[in-house]
K.L.:
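This is the structure I have questions about; it appears just below.
Numbering of ligands and ligand atoms starts at 1, following listing order. Residue numbers count from 1 along this sequence.
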Amino acid sequence: MAVSGLFLSLSPIYLIAGSVFAFFAYFFVGSKKAKLDHIPGPWLAKYSNAWRGYQAWKLNHHQEGVNNYQINMIGRYGDVVRIGPTHVLVYDPEAIETVFGFRQRLDKGPGYNVFVIRGTNQTALVSIKEEETHGRFRRPIAHAYSLSSLKGYEGYIDQMIEKLVGVMDKYGSQGKPINMSRWLQYWGFDVMSKISFGEPLGFLDHGYDFNGMLKAQQEHFRYISVANNFPFLDTITKRNPFLNLFKKKPTNKFFLFAQRVVRERLLKAEKDPEAQTLVTNRQYDDLLGSFIASRKAYPLMDEIRLIHLSTTNVVAGANNSAKAMDATIHWLALHPEAQDRLYNEITSVNMAAMKEAETEGPAALDLALKMPYLDAMIQESYRTFGAPANNLERLAPKNGLRLPDGTELPPGTVVAMNAASIAMLPDVFGADARQFNPDRWMRRDYESAEKHHERVLKMRRAMLVFGHGSRSCIGKNIVQLELYKIWATLLRIYRFEAVDVKLHNVMVIPRRREEGTDMSVQI
Ligand code: HEM
């Protein structure tokens, strides 16, 4: 009998039973093939990524604050946990060098597919999987993000600080509370856009999410946090060839904005010889100007590459720093004594500097870097809220990977670490690791300088907030510039007083008015 005949003659009950068997066999065989049965973890995670996809979805949609399933599993299964059929999550900070270090240069895992923008056939720098390809694309742009290029962007940040101070002054003089979280988010996006393309997105001018970009990116990040854990979701939605027949063009609002600006600037650079000279002489002190200039030596920097880079700069850059600033204002509003301590630190450094300079504008980076308590507060904001929620995944190489604790991982295992959960380890950060407490970075009364140095070094080595190694965040210097400057300026001018329960609304009280030295704020 032909196979089709046999198939038709079977009773439906056998067909259903066979399908159910095949379904479970598929997951069972997949799980066994991964050879990870020696790694503990939740039972269901051995067979399907649906377990962690569900965890990410549940926490994302129903809870607020620093909360992800990776944090909730600290100490439950040990330092290496199986979180999917082929995935393990590592909590041991000693493993950071093994997984992300320059020695092995492991390729990235499949979770990064979620960063690919629908309708484009290229991936952003962050989601290039192979180390070698990544090196070719990072080389042409590295200089634009370096410490030596930072000075060129400082003026842009100052302009945006002045705008924000104008808004805060208005609220302050009317005696009205202001939602600082929201305004700091507007500021963060306008700053990143200004540094990226020389023009702000316009949130500070409009005072609300006038084009729906912020809402869209919030939804995008929610999607990423789930799809990064449950890649099947991405396969059936964003990368579904059938659905993509109908949606051929990118719809991401930031991508479309970047596309417009990049095209305009390229056209200008081609048509206008003077503009071309400006670009090649590096007089465009924004990231896009540097990227355009690099095209002469690196033809691979084509239009779509520039659009991707510019989109990532604004979306990834502004989003994480906005979260860090949100955590900070929340804490500051609850801790007036810390505001006074910061004010004293800032003014004493400023007073010393004012002997040389008469003006008192937005804080200069050189000065802001001389303030240890301010630095502690910023480190703490990265640690508690700035860290990305997604897992940073790498692939175990063809000879497998041995972790520092002796755990052997077969070739092809996806080995992940998660910055937000590593930052909550009590062994490293103390029993109060889940609290926002800048004092953990400061020297304690009973602590020798040597012990303090050792303790801080241990914490710094466990900070995976900006990643580590060849794939670490290229924009880290820029975020530092932004955060040191904004806080050193605002905390010198204002005091924040909590107004509502959630503490996002605060009163901003100009210190000079309190001191009776000046009725208006000068900047
Ligand atoms: C608090 C703010 C920020 C945080 C916490 C952060 C964090 C990270 C992390 C964890 C990675 C990836 C590491 C990995 O996949 O292993 C990354 C990569 C990247 N970040 Fe950031 N970032 C921030 C701000 C920025 C800014 C301001 C920019 C741009 C100006 C930026 C641009 C990038 C780019 C282009 C990559 C890809 C680098 C590569 O693959 O070579 N980030 N960032």
K.L.:
Only heavy atoms of Lys108, strictly under 4.0 Å: list the atoms of ligand 1 that pass.
P.N.:
14 (C), 15 (O)
K.L.:
Identify the closest protein heavy atom to atom 16 (O) of ligand 1: which residue and atom is it, and at what distance?
P.N.:
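Closest protein heavy atom to atom 16 (O) of ligand 1: Arg394 NH2, 2.7 Å.
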K.L.:
Is it true that Glu131 and Arg471 have a side-chain N and a carboxylate O under 4.0 angstrom from each other?
P.N.:
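A salt bridge is present here (some side-chain N lies under 4.0 Å from a carboxylate O).
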K.L.:
At less than 4.0 angstrom from any non-hydrogen atom of Val465, what atoms of ligand 1 do you find?
P.N.:
5 (C), 7 (C), 10 (C)
K.L.:
Give a yes or no on whether a salt bridge exists between Glu219 and Arg222, defined as a side-chain N under 4.0 angstrom from a carboxylate O.
P.N.:
no
K.L.:
Could you tell me whether Ser472 and ligand 1 have an N or O pair separated by under 3.5 Å?
P.N.:
no
K.L.:
Using a 6.0 Å distance limit plus a 45 degree cone around the ring axis, check whether Arg383 lies over the aromatic ring of Phe429.
P.N.:
yes
K.L.:
So, regarding Asn313 and ligand 1 (criterion: nitrogen or oxygen to nitrogen or oxygen, under 3.5 Å), is there a contact or not?
P.N.:
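Among all N and O atoms of Asn313, none is under 3.5 Å from an N or O of ligand 1.
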K.L.:
Nearest heavy atom to atom 14 (C) of ligand 1: which of Tyr153, Phe100, Tyr112 does it belong to?
P.N.:
Tyr112
K.L.:
Give a yes-or-no answer on whether the side chains of Tyr223 and Asp234 include a donor-acceptor pair shorter than 3.5 Å.
P.N.:
yes
K.L.:
Please determine whether a side-chain nitrogen of the Lys or Arg among Glu264 and Arg260 lies less than 4.0 Å from a carboxylate oxygen of the Asp or Glu.
P.N.:
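Here Glu264 pairs with Arg260 in a salt bridge, since their nearest N and O are under 4.0 Å apart.
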K.L.:
Which atoms of ligand 1 are found less than 4.0 Å from any heavy atom of His134?
P.N.:
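So the answer, numbered in order with elements, is 39 (C), 40 (O), 41 (O).
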K.L.:
Under a 4.0 angstrom heavy-atom cut-off, which atoms of ligand 1 come close to Leu125?
P.N.:
38 (C), 39 (C), 40 (O), 41 (O)
K.L.:
Within a distance under 4.0 Å of any heavy atom of Arg471, pick out the atoms of ligand 1 and give their elements.
P.N.:
12 (C), 13 (C), 14 (C), 16 (O), 40 (O)
K.L.:
Would you call Asp209-Arg182 a salt bridge at under 4.0 Å N-O?
P.N.:
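Not counted as a salt bridge, because no side-chain N and carboxylate O are separated by less than 4.0 Å.
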K.L.:
Quick one: nearest non-hydrogen protein atom to atom 23 (C) of ligand 1, plus distance?
P.N.:
Cys473 SG, 3.7 Å
K.L.:
State, without any angle test, whether Tyr145 and Asn313 hold a side-chain donor-acceptor pair at a distance under 3.5 Å.
P.N.:
yes
K.L.:
Is there a donor in the side chain of Asn229 and an acceptor in the side chain of Gln55, or the other way round, less than 3.5 Å apart?
P.N.:
no
K.L.:
Just which atoms of ligand 1 are under 4.0 Å from any heavy atom in Arg138?
P.N.:
38 (C), 39 (C), 41 (O)
K.L.:
Does the gap between the ring centers of Phe189 and Phe254 come in under 6.0 Å?
P.N.:
yes
K.L.:
Give the residue and atom name of whichever protein heavy atom lies nearest to atom 35 (C) of ligand 1, and the separation in Å to one decimal.
P.N.:
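Its nearest protein heavy-atom neighbour is Ile474 CG2, 3.4 Å.
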K.L.:
Can you figure out which of Gly135, Gly469, Gly111, Gly317 has its heavy atom closest to atom 26 (C) of ligand 1?
P.N.:
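Selected option, by shortest heavy-atom distance: Gly317.
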K.L.:
Can you find an N/O atom of Ser321 closer than 3.5 Å to an N/O atom of ligand 1?
P.N.:
no
K.L.:
Do Asn391 and Gln70 have side-chain atoms, one donor and one acceptor, less than 3.5 Å apart?
P.N.:
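Asn391 vs Gln70: donor-acceptor pair found between side chains.
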K.L.:
Identify, by atom number and element, the atoms of ligand 1 in contact range of Gly467, meaning under 4.0 Å from any of its heavy atoms.
P.N.:
10 (C)
K.L.:
Give the atoms of ligand 1, by number and element, whose distance to some non-hydrogen atom of Met192 is under 4.0 Å.
P.N.:
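Selected atoms, number and element: 27 (C), 30 (C).
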